[in-house]
**Student:** 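Sharing a structure with you now.
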Amino acid sequence: MFIRAVEIRINSGNERFGFRCKFDSGLNIIKGRNSSGKSTLVNTLMYALGLEELIGVKGERALTSAVRDRFQYDGRPHEIQKSAVLVELQNSAGNVVTFRRPIRNDDKSTKLVEAFDGAILTGPVSDRALATPLFLHDPGAALYEEGFLKYLESFLGLQLPRVQSSTGGLTRLYPQVVAAALFIEQKRGWTDYIANIPFYQILGAPTRVVQYLLGLECFELEEKRALNEQMISRLQSDWANLLSELTGVLQPLGIATRGIPKVPTSTFSADNASIVVRINSEDVLVSEAVATKAKEWDVIEEARVGGPKSASPDVIQLLNTETVKLERLAQQYEELSSEDRLHSISLQEFTQLLNQAESDLRKNKTTRKLHDLGAQVGLRTAEDHCPTCGSEVENTLLPRTEGVLQMDLQSNIDYLEAQIRMLKRQITGLEHVREQSKSSLQQLGASINEQRAYVISIRKGVVQSDATLEASIRKQVFLEREIRSLQAAEARFSTFIEHAKTIALKMESAEKFRKSLPSDLYSETDRVKITLLEKNFRANASSFGYTSAEPSEVTINRGTLLPALGDITLREVLRKNVKSESSASDFVRLIWAFLLAIYQTSSMKEFVGNHPGFLLFDEPGQHSMSEVSQNALMRLFCGAQDLQSVVAASFDESEDLFLRVTEGSKFHLIELPDKIIAPMAHDGVM
Amino acid sequence: MSHLAFNLRPSVVLPDHRPLYKITQLLLVLMLASHGKKSSTVRLHLFNWILKDGARRTKLTHASVTKSLQFPAWGLDPALDTALAFAKADGLIESTSTGVKLTAHGQEFCTRALKAGLFEEDEAYLKKIGLTITEKMVGTIVERWT
């Protein structure tokens, strides 16, 4: 990534103002007095690339009023009618694009960035040419083609990986997150290794950025692992659903399962699974029970058929048709009663939901009354304002989640009331259905009894039975019903076993895959790169004159990828004695050494990483940093091949200091005038 | 090509997370179930956690009789700290060396809320618990955490 030029345009009255500067490859130094507008320039540059979140605020409010509202020139204030910033960017393939983003414009939103193909600031392309409109900061800006960040990502050839989010699942490593390791602004930038990462619910964001910039292979492994974990939990829930479905069918029949674990395991064996029914206080395998009962039936049948035969074929015909009718009725009864069971379960669930909603509604109404009450007593919280700062209070005590709007109290009450109405309607409907099915069941039961009596009486006629035979026939009919329901259970069970086998197989491969992953997800090449990072970091730290610890003792922690002493991430180390420099400046040295080491490691020929080859340091000479250290930084910067670096500094407004710090370095100087906003020719197009 | 348009709708908020609801509930714990209307924050966390769930309520009632807490641990809810910060800024409570204390203003607010018949369920429950859950009982558990 190479920034070729940046231009601020301002229309004030009929006059044109602004500032324009070009950047070279290699080291660029922006030198200016305090309050000359150095920060304005740096922040405007970041704003032009949609990175103002790194400064702390989204939108044009991140910029000073000198480019937004009014500025001083010639000793008098000038009101700004329109302003915009343009930046010209070149990618590694040598293609150039110019972005234009409004700062103040009544006709254009500041979420709009226009991309012009080619160089407008340094080349002949007119900005009247057709531009691609892109949007920023709206949901999807990093995902969709019309999104600016997506455009920037593909223009720069970044391939940002998916990473684990703090809410579970995967999220993307957004360009702004990575940019926090490239654009180091002055105010908070020197307080941590990668200080200004905007919050995107990314777990361990700084580590992720380092991993990405170094081009480590861990992301791929991690994504595979996350997907595998998702698969495992899906298998678990599938299993639980299947099992509860099965027991839902079996339980009413008094049948229990054996050898089926609650969660799927790779060791699950279908041979060990069985279903048993309790007969005479003993558990009997269902298949055995069916066999026994069938035998019983056979015995009766044999006796019956073997008995005196006197019935005419007509009667036998009648017996058969009536038996079929009886079976059909019994089947209807089964179907209806299982449907009724389901309804009963839904009814319970709905009632629970209703109770919950009613309780929530009561609490919300209480809160509404509290607001009235609180307002009478003069509570600021009751007026939805923070009692301390007076700003608007969110509707919830939980931390704000980006992109989620919280319902206000009244809409929440309306919502709950609507939900209660709906649930009540559902419940009434279900109760009605259940009443109906109850009476149908009763009717069916009565018909079954009638039909059974009829069938029995026909059979009696058929065999001219005596009382014992009648009892046997009753028993036979009863057995038939039992056998049928047991067989149905067996069929249900074998479908379950088929599914369970598939799940267990998938589980086995998922668990095998889980075991095959290395514990820290780093490949061999990754480990080599991390060692190189450590070497580069130590070398940088000693050339910057880091003194708080022996550079050789400082390591790159394999877990966090941040500099550490022992197991402790290095922050500010307490000063050893009053004579040595303050600890804060030593920490800033570590930050320099670290950010530069990431670039160096990423640009090694054998192990190419993803560093875009750009670094911007705003006022790196913090905390009365020694000249020697600053000089070493400049030398390292201008010695780094393929790195475009930008350093913005005031050098304590001392020309001598500037000369000493830059001694021996080759650089492109951008010297700012007393105030950067001054009359400038441009076509006024924003 | 057909298009789908999605509208972002506000999401439902648990009443338990509404600032004023939580604040008042905590004030009631201070007023009805705390010695000298004072309490440590960790003890408030215990009550906050208890009030969320019927089964926990029953268990604490039991503890108030046996004088010993049967909870090995309880949830610490960040919402509670935010609620306390608001309540403090509104002058409903004030900091003490060991926790927080209900102010006269806070007490007046509670009294009005109870008079208006709000929090009847919590009121009855907290009155039943009374001052039985002491800092010492809470302290015994907390010591085991470290």
Side-chain angles (χ1 to χ4, degrees), chain A residues 138-140 144 352 355-419, chain B residues 3-28 48 51-54 77-94 103-123:
Chain A
D138 277 337
Y144 304 131
Q352 257 172 19
N355 288 341
Q356 185 61 46
E358 279 176 337
S359 149
D360 279 3
L361 179 64
R362 211 165 45 241
K363 288 180 175 178
N364 270 319
K365 283 189 170 164
T366 301
T367 312
R368 188 171 60 186
K369 282 187 205 148
L370 285 172
H371 272 270
D372 298 343
L373 211 61
Q376 289 169 20
V377 205
L379 293 188
R380 298 270 285 159
T381 319
E383 294 158 9
D384 289 335
H385 287 288
C386 169
T388 312
C389 63
S391 66
E392 244 180 76
V393 165
E394 299 280 337
N395 279 311
T396 167
L397 288 166
L398 291 188
R400 191 191 167 87
T401 319
E402 195 58 42
V404 177
L405 228 72
Q406 307 290 0
M407 235 183 231
D408 66 53
L409 198 49
Q410 191 53 45
S411 346
N412 209 152
I413 288 177
D414 295 344
Y415 169 83
L416 281 170
E417 278 173 345
Q419 205 183 23
Chain B
H3 286 275
L4 278 178
F6 292 95
N7 283 333
L8 184 65
R9 301 242 185 258
S11 78
V12 175
V13 178
L14 284 179
D16 224 28
H17 288 148
R18 297 268 180 211
L20 206 52
Y21 185 86
K22 176 101 306 175
I23 291 172
T24 318
Q25 203 178 37
L26 292 171
L27 296 182
L28 288 178
N48 176 45
L51 289 172
K52 285 181 190 175
D53 183 282
D77 183 357
L80 180 140
D81 297 322
T82 319
L84 285 185
F86 282 144
K88 224 176 268 181
D90 252 333
L92 297 167
I93 55 170
E94 58 194 28
T103 61
H105 187 43
Q107 192 159 352
E108 189 204 328
F109 179 62
C110 280
T111 318
R112 290 175 85 151
L114 291 183
K115 219 171 175 181
L118 308 173
F119 289 97
E120 276 175 351
E121 201 187 323
D122 287 351
E123 182 190 5

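A, B, ... follow the sequence lines: proteins, then strands. Residue 1 opens every chain. Computed from heavy atoms alone, side chains included, the values below leave out hydrogens, waters and symmetry copies.
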**Student:** Please look at A:Arg368 and chain B and tell me whether the side chain, the backbone, both or neither of the residue comes under 4.5 angstrom of a heavy atom of that chain.
**Tutor:** neither
**Student:** Which distance, rounded to the nearest 0.5 Å, do you find between the CD of B:Gln25 and the OG1 of A:Thr367?
**Tutor:** 9.5 Å
**Student:** NZ of A:Lys363 to CZ of B:Phe119: how many Å apart, nearest 0.5 Å?
**Tutor:**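 Atom-to-atom, A:Lys363:NZ and B:Phe119:CZ are 9.0 Å apart.
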**Student:** At a 4.5 Å cut-off on heavy atoms, which part of B:Thr24 comes close to chain A: side chain, backbone, both, or neither?
**Tutor:**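 For B:Thr24, the side chain is the part near chain A, not the backbone.
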**Student:** Select, from B:Leu20, B:Thr82, B:Asp77, the one with the greatest count of heavy-atom pairs under 4.5 Å involving chain A.
**Tutor:** B:Leu20
**Student:** Mind checking the CG-CZ spacing from A:Asp360 to B:Arg18? Nearest 0.5 Å is all I need.
**Tutor:**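 These two atoms lie 10.0 Å from each other.
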**Student:** Run through A:Thr366, A:Leu409, A:Asn364 and flag the one making a side-chain contact (heavy atoms from CB on, under 4.5 Å) with B:Tyr21.
**Tutor:** A:Thr366
**Student:** Given heavy-atom pairs under 4.5 angstrom as the criterion, report whether the side chain, backbone, both or neither of B:Leu80 touches chain A.
**Tutor:**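 For B:Leu80, neither part sits under 4.5 Å from chain A.
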**Student:** Among residues 109-117 of chain B, which residues come closer than 4.5 Å to chain A, judged by heavy atom distances?
**Tutor:**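 Residues B:Phe109, B:Arg112, B:Ala113 are the ones that qualify, each having a heavy atom under 4.5 Å from chain A.
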